[in-house]
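Notes to accompany the following structure.
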Amino acid sequence: MSTANPGAQRVRTRVAPSPTGDPHVGTAYVALVNYCFARKHGGDFLLRIEDTDQVRSTPESERAILAALHWTGLSWDEGPDVGGPHGPYRQSERSAIYRRYADELLASGKAFRCFCTPERLEEMRAIQRAAGTPQKYDGQCCALSADESGRRAAAGEPFVVRMVVPDSGVCVVNDLARGPITFEYATVDMQVLLKSDGLPTYHLANVVDDYLMEITHVIRGEEWVSSAPKHLLLYEYFGWEPPVLMHLPLLRNPDHTKLSKRKNPTGILFYERMGYLPEALMNFLGLLLAPAPEGEEIFSIDALTRRLDLAKISLGGPVFDVAKLDWINGKYLHALTTEELMQRTQAWGFDRDRLVRIAELARARIERLSDLVPSAAYLFAGRVAVTKESFAGTKLADEALRKALALAMWRLDAERVFDKAAVERVLKGVAEALGAKFRDLARVYYVAMTGSPTALPLFDSMELLGRDICRERFRVALDAFGGVTAKEQKEWTRDLPPDEPNGAAA
RNA sequence: GGCGCCAUAGUCUAUCGGUUAGGACGCCGCCCUUUCAAGGCGGAGAGACGGGUUCGACUCCCGUUGGCGCUACCA
């Protein structure tokens, strides 16, 4: 079914992250395969920003993703920052294109306007769920006459555009690594293509862009296999040849659940701040993509490119094993000359601006020059060692203390910009929410963030440390108290925005 | 619940019907060494379960179990 012919056309792949949070290692992983595959075949690799979700997408996130991806050492031939002949590469700038294609589907009867309210849809799904039947739009608005549909739309009634899906028959998705996967159309939903805000959903934008950008191979996360039938159907409706599809297994936490921020560091920037070298991180991710010949586990992206064979990628979801990453990173570090090591260390955390800021914070607090480095050591460390005993003297009950840590961590995650002002606002807000004086909570935060009840000023320290390191230190501190139970998490996060669904790129 | 994907040591993996099931991380021991690392050498440790197919299954088929994903006007 998906039978693009790589021999006949130039291979083009893409990575298409959604700028709705921190740059995710899953994005680097997907980018790496796509990059290597394109390079291997002398083709092009592009970067596209999938920011059709107006509510969750932010420019800060987009900037961070671009920067993080550049940090990995990967480069792309076309993208929002480098341009290219198939632009724009930001979906929010392509709305008119999607609308045109949605209209085309509407005109050919392959899509229809749906005026159903969210309430009605919810009710419908509840009934289906109770009955154990597939949850799927029941087609009510599909039966509307073109006449009525047009009239209601013209009258300003809000609607979405849904795709038509056959009610019988099967769709065979040919996955490059998994072989044919069969779906009954009866289980495929009449997916929304255009939202009531006029912007497309992933499904429409993705298919239209991959076609217009001449993508030949779509290599993406496993979370997309169940929407592949919809995508294939869209290609068919438009009369386009679909690209080759390949779904990668999802990276896992040590407990084998999908890698998630609340259980594990998932940010590319976290690894950067912890002092991992990009070549080590990519080497590690590469090890999950292509088995290494015996004794050759350290290799460059170029070497990986030569060896990569999509059909041989192992399909079990690999655990992100930090111990292995540590070993690899050590190998890279040891291979550096002393001069190189000094340079990279300096570039990593000892740039002049940062040193000046630290000196300013420390100057009034030292009595000997020999005090300075020890007083700032925690700003150059990854995790700090804390135990339950470290928090003795905070005169807070365990539960309040854990809640203070957890709320701060979660609320800080929800901040768009992580700077001194945001930290101060959030931490003081938590104190207020807990009905405590910030002064009484300060010690808790000092211990968790710096490893000691006394240190350089907290808010500045946290800004210097950055969001990822702070989140990890909060986690470590919480773990010292046995972590947060699922029940507590539910109760304590009621007023918080939900965790980002995933970071793995499309 | 429905649909789909996956299944070799704690972890990442090799094996494409016949092997003492190989390697790497981690772990343990030894060597080297002023300590600790690094490095070298060695060790323990695996085919989820049950049926088939076959002269012969880790490998092919079916079932069970387990894990994961999707089930949104998010991607």
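For clarity, every value in this text was computed on a predicted model and none was experimentally measured. Every chain is numbered from 1, with letters handed out A, B, ... down the list of sequences.
- Nearest to the side chain of A:Q135, among B:G26, B:U71, B:C70, sits B:U71.
- The side chain of A:V225 has B:G4 as its nearest neighbour among B:C25, B:C73, B:G4.
- For the 3.5 Å distance criterion, the side chains of A:D209 and A:Y98 qualify, holding a donor opposite an acceptor.
- Taking the ring centroids of A:F320 and A:F284, they lie under the 6.0 Å cut-off.
- Separating the CG atom of A:L333 from the P atom of B:A37 is a distance of 17 Å, rounded to the nearest angstrom.
- Summarising the local packing, CD of A:E157 is surrounded by more than 12 heavy atoms from other residues, nucleotides or ligands at distances under 6.0 Å.
- Rounded to whole Å, the P atom of B:C62 lies 12 Å from the corresponding atom of B:C6.
- Checked against B:U11, B:G4, B:A14, the side chain of A:D321 finds its nearest nucleotide in B:U11.
- Rounded to whole angstrom, the span from the CG atom of A:L315 across to the C1' atom of B:G4 amounts to 14 Å.
- In this structure, A:E222 atom CD and B:A7 atom P are separated by 10 Å, rounded to whole Å.
- Looking at heavy atoms from C-beta onward, A:Y202 lies out of side-chain contact with A:T52 at the 4.5 angstrom threshold.
- A:P19 comes within 4.0 angstrom of nothing in the nucleic acid, heavy atoms only.
- Checked against B:A75, B:G4, B:A38, the side chain of A:H334 finds its nearest nucleotide in B:A38.
- For B:C73, one of the phosphate oxygens OP1 or OP2 lies less than 4.0 angstrom from a side-chain nitrogen or oxygen of A:R125.
- Nearest nucleotide to the A:S18 side chain, out of B:G4, B:A75, B:A14: B:A75.
- Atom pair A:L259:CG and B:C12:P shows a separation of 13 Å (rounding to whole Å applied).
- Residues A:G317 and A:Q191 both approach RNA chain B. Their nearest nucleotides, taken by heavy-atom distance, put A:G317 toward the 5′ side.
- Residue A:K324 contributes atom NZ, which lies 10 Å from atom C1' of B:G26 at whole-angstrom precision.
- Pair assignment for B:A21 gives none, since no Watson-Crick or G-U wobble pairing has each distance under 3.5 Å.
- Within 6.0 Å of OH on A:Y211 lie no more than 12 heavy atoms contributed by other residues, nucleotides or ligands.
- Remark: the separation of the C1' atoms in B:A48 and B:C70 is 25 Å, to the nearest Å.
- Using N1 to N3 plus N6-O4 or O6-N4 for Watson-Crick, or N1-O2 and O6-N3 for G-U wobble, each under 3.5 Å, B:A37 pairs with nothing.
- Side chain of A:R162 to backbone of A:M190: a donor-acceptor contact under 3.5 angstrom is found.
- Comparing A:T117 and A:A131 along RNA chain B, the residue whose closest nucleotide (by nearest heavy atom) sits nearer the 5' end is A:A131.
- Here the nucleotide nearest the side chain of A:H256, chosen from B:A14, B:C68, B:U11, is B:U11.
- Taking the side chain of A:T201 as heavy atoms from C-beta on, and the options B:U11, B:C3, B:C74, the nearest nucleotide is B:C74.
- Nucleotides B:A37 and B:G45 are separated by 26 Å at their P atoms, to the nearest Å.
- Between A:H247 atom NE2 and B:A75 atom P the separation is 16 Å, expressed in whole Å.
- Here the nucleotide nearest the side chain of A:P134, chosen from B:C70, B:G2, B:C25, is B:G2.
- Nucleotides B:C74 and B:U59 have their C1' atoms positioned 40 Å apart, rounded to a whole Å.
- Separating the CH2 atom of A:W327 from the P atom of B:A38 is a distance of 12 Å, rounded to the nearest angstrom.
- Going from atom CG of A:L204 over to atom P of B:A75 covers 11 Å, rounded to whole Å.
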